[in-house]
Amino acid sequence: MDYSNFIIMNHELSLVVVLVALLLADLFGKNKRIFQFFAMGLFLVHTVLGFTHWNIGEASAFSGMYVTSEIHVLVKNILNIGTLIVFIFAFYWNENKNKNQVGEFYFLTLSTLLGMYFMVSAEHFLLFYIGLETASIPMATLVAFNKNKKESAEAAAKYILTAAFSSAVMLFGISLMYGACGSLYYGDILIKFQSTPLHIMALIFMFAGIGFKISLVPFHLWTADTYEGAPTSVTAYLSVISKGAAAFALLCIMIKAFANYPGTWQTFLWWIIVITITIGNLFALRQKNMKRFLAFSSISQAGYIMLGVIAGTPQGMAAMVYYVFIYLFTNLAAFGVISAIENKSDKLTMDDYNGLYSTNPKLSFVMMLAMFSLGGIPPFAGFFSKFFIFAAAAEQGQYLLVFIALLNTIISLCYYLWVVKAMFINKSENPIPTFNSDNMTKIGLIICTVAMIILGFISPIYDKIIAISFGM
Amino acid sequence: MSIPVEYYLIVSTLLFFIGVYGFVVRKNLISILMSIELMLNAVSINFVAFNRFVYPEHLEGYMYSLFVIVVAAAETAVAISIIINVYRKMKNIDTKSINELKN
């Protein structure tokens with residue numbers, strides 16, 4: 001066997017090293033606080049090292065099952081940054097409410113990250129499937145992490161059963177695809193795919209499994225319950241990292257395997273985007289629990305991310321990666337504020353946020369920025385990412401779709417501003433008392449705030465992404 | 001004379017949709033898990049049948065079905081441990097009674 005294949009898998013190898021080191025440290029280390037700093041430091045090194053992997057260029061390994069290129073490296077780096085921020089926000093929770101399972105938290109989170117790497121880099125449906133399962137099985141255990149809470153167990157049961165069901169549906173599609181094409185390499189399917197009923201049925205079955213990971217609408221039913229029941233740090237991870245990785249993997253599959261017949265999948269993707277954005281928004285309007293509210297908001301954001309997939313051009317890919325990059329900071333800022341408040345006062349409904357500005361002005365300021373950015377109000381980063389993704393879809397002639405998405409942006413502004421109104425205008429007899437967040441949460445919130453304000457103005461980022469993107 | 005591939009596909013499709021039916025109508029979490037196993041087995045039959053009758057020159061389908069079996073085992077292990085956790089918390093594994101997370 002040729003071991004040189006492993007050399008191009010820089011990200012995966014260094015993550016495996018981190019995983020093994022964490023296992024050993026968890027086994028022998030007694031002090032949980034030192035362990036946490038060790039884990040975060042190690043992962044920080046891994047993240048920084050990730051930026052040195054640009055020079056690999058395009059390469060493939062294991063007879064073409066695994067591919068890497070600059071855009072893959074970039075996506076993995078984005079996932080790394082997101083995971084690091086999730087770790088920063090989880091620090092206080094780990095130290096105080098999750099004392100006995102700190103090692104497991106880091107280990108399982110990083111295992112799902114490894115699965116996502118494989119999913120992103122796959123060029124064959126076998127590696128893609130293994131990556132998807134490596135990402136979703138440890139995720140179920142993470143959702144079940146609050147062992148003495150009913151909600152957590154229920155959320156995990158819903159998650160794992162829906163995950164298993166949808167991956168079975170996806171496998172059925174893949175098996176039909178194998179029967180129809182005789183190979184499972186994306187490149188071979190590209191050549192042999194035709195517009196016959198068997199091929200199209202295989203494609204639709206397969207799409208269901210990925211749609212579950214991104215929580216597109218017909219497959220979104222688990223989202224709200226799982227997001228609400230899971231620990232807040234895990235919810236943040238689920239809503240950003242896992243979604244971004246799956247969306248990029250879906251885009252790669254569509255471009256590499258089905259580019260010859262875009263009509264077949266763009267038609268149903270069109271309808272899925274419309275109902276995803278609309279239903280996500282309409283359900284978000286009536287939510288009172290902040291985590292449920294962000295769950296539905298993240299469903300509609302997934303619809304916006306899919307606009308990049310339906311475009312399928314290099315601009316579409318660049319806009320999608322950029323959207324995920326901005327969405328990461330924005331959504332994690334919102335979850336950071338929610339988990340800071342939950343850690344100190346166990347309050348989670350929107351009514352509890354009434355009058356937050358009078359007691360905790362800094363936190364409500366960060367939350368306001370996050371809401372403005374999620375809604376796409378101009379000077380903030382969320383506006384630029386929405387602008388690019390709409391432009392990419394409009395360039396392909398999807399005017400009606402972009403128009404519907406724009407209408408939905410207005411609906412979404414309504415509920416994003418409700419949160420702002422609750423914090424700044426509504427009065428409350430017993431608002432959440434003033435408290436000081438711990439230093440780690442402060443660092444995380446500062447990173448997210450700075451990113452939300454200035455990232456949109458740094459145009460070299462988008463230029464760099466579009467220079468390395470590919471499309472149909 | 002061997003059985004043609006269509007018959008295998010009929011069996012696997014039936015098995016798959018029996019699984020889907022069970023997933024939808026069953027109320028017991030363990031039964032739901034069993035239905036999912038049926039679906040995964042249907043997938044394995046599909047892979048093996050296609051490999052044997054349509055593309056006998058490669059081993060891709062056999063390999064894929066092996067991986068499906070292994071991953072299904074891992075998934076079942078995690079799912080059962082979560083179901084046990086649910087049982088400890090609620091003393092019940094009926095889907096009707098698991099509804100803490102609703103407004």
Side-chain angles (χ1 to χ4, degrees), chain A residues 124-127 129-130 132-134 136-141 143-144 147-185 205 224-229 286-289 291-292 349, chain B residues 5 9 12-13 16-17 19-20 23-24 29 32-33 35-51 53-55 57-58 60-61 63-65 67-68 70-72 74-90 93 95 98-103:
Chain A
H124 185 281
F125 276 113
L126 182 57
L127 189 63
Y129 169 64
I130 294 171
L132 188 85
E133 291 297 329
T134 318
S136 64
I137 295 176
M139 192 65 92
T141 56
V143 172
K147 266 199 273 182
N148 39 18
K149 265 195 177 174
K150 276 184 186 174
E151 292 85 2
S152 197
E154 182 188 337
K158 281 176 178 163
Y159 182 82
I160 186 82
L161 290 176
T162 337
F165 176 77
S166 62
S167 72
V169 173
M170 182 185 77
L171 279 174
F172 196 68
I174 292 177
S175 72
L176 293 180
M177 192 68 79
Y178 175 65
C181 300
S183 167
L184 288 169
Y185 284 104
F205 270 107
D225 286 348
T226 303
Y227 279 26
E228 188 188 344
R286 50 186 285 266
Q287 299 307 322
K288 287 293 161 216
N289 181 301
K291 274 155 91 176
R292 260 184 116 78
T349 64
Chain B
V5 64
L9 295 187
S12 77
T13 312
F16 183 80
F17 284 101
V20 173
F23 182 84
V24 176
L29 289 182
I32 293 177
L33 201 58
S35 311
I36 292 172
E37 289 300 312
L38 281 186
M39 294 165 72
L40 290 171
N41 289 343
V43 171
S44 295
I45 294 176
N46 253 357
F47 271 117
V48 173
F50 278 131
N51 200 347
F53 292 100
V54 188
Y55 307 104
E57 64 276 13
H58 300 300
E60 219 170 350
M63 291 311 293
Y64 210 111
S65 64
F67 276 97
V68 170
V70 172
V71 172
E75 211 157 41
T76 313
V78 172
I80 286 185
S81 64
I82 287 173
I83 291 172
I84 290 173
N85 202 7
V86 169
Y87 180 74
R88 280 192 189 145
K89 291 283 159 291
M90 317 206 179
I93 50 168
T95 44
I98 306 177
N99 49 8
E100 294 280 316
L101 295 169
K102 287 265 164 65
N103 334 7

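Every chain is numbered from 1 and lettered A, B, ... according to where its sequence line falls, protein lines coming before strand lines. Worth saying up front: this structure is predicted, and the values here are computed from it rather than measured.
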Max heavy-atom pair count under 4.5 Å with chain A, selected residue of [options]:
options	answer
B/Phe53, B/Phe67, B/Phe23	B/Phe23
B/Ile36, B/Leu29, B/Val70	B/Ile36
B/Val5, B/Val54, B/Ile32, B/Asn51	B/Asn51
B/Thr13, B/Ile93, B/Val71	B/Val71
B/Val68, B/Thr76, B/Thr95	B/Val68

Tell me, side chain or backbone of [X] under 4.5 Å from chain B's heavy atoms, or both, or neither?
X	answer
A/Tyr227	neither
A/Ser183	both
A/Tyr159	neither
A/Ile130	side chain
A/Val169	both

Hey, does [Y] have a side-chain heavy atom less than 4.5 Å from the side chain of [X]?
X	Y	value
B/Glu75	A/Ser167	yes
A/Glu154	B/Val86	no
B/Glu60	A/His124	yes
A/Leu171	B/Tyr64	yes

### Task
Would you mind checking which part of B/Phe47 comes under 4.5 Å of any heavy atom in chain A, side chain (CB onward), backbone (N, CA, C, O), both or neither?
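Looking at B/Phe47, backbone and side chain both touch chain A.
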
### Query
Contact part of B/Tyr87 toward chain A, heavy-atom cut-off under 4.5 Å: side chain, backbone, both or neither?
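Neither; nothing under 4.5 Å.
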
### Parallel, tilted or perpendicular, as decided by the 30° and 60° cut-offs, for the rings of A/Phe172 and B/Phe17
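If you compare the ring of B/Phe17 with that of A/Phe172, the planes turn out perpendicular.
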
#### Entry: B/Tyr55-A/Tyr178 aromatic ring centre distance below 6.0 Å
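So the answer is yes for these two rings.
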
To the nearest 0.5 Å, what is the distance between [atom1] on [X] and [atom2] on [Y]?
X	Y	atom1	atom2	value
B/Ile83	A/Leu161	CD1	CG	5.5 Å
A/Phe165	B/Leu33	CZ	CG	13.0 Å
B/Ser81	A/Ile160	OG	CD1	8.0 Å

Minimal non-hydrogen separation, [X] against [Y], with atom names:
X	Y	result
B/Asn85	A/Ala144	ND2-O, 4.3 Å
B/Val43	A/Ala168	CG2-O, 3.9 Å
B/Ala74	A/Ile137	CB-CD1, 4.2 Å
A/Ser175	B/Asn46	OG-ND2, 3.0 Å

### Message
Checking the side chain of B/Lys89 only, and the main-chain atoms of A/Ser152 only, is there a donor and an acceptor separated by less than 3.5 Å?
### Response
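Side chain of B/Lys89 to backbone of A/Ser152: no pair is present.
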
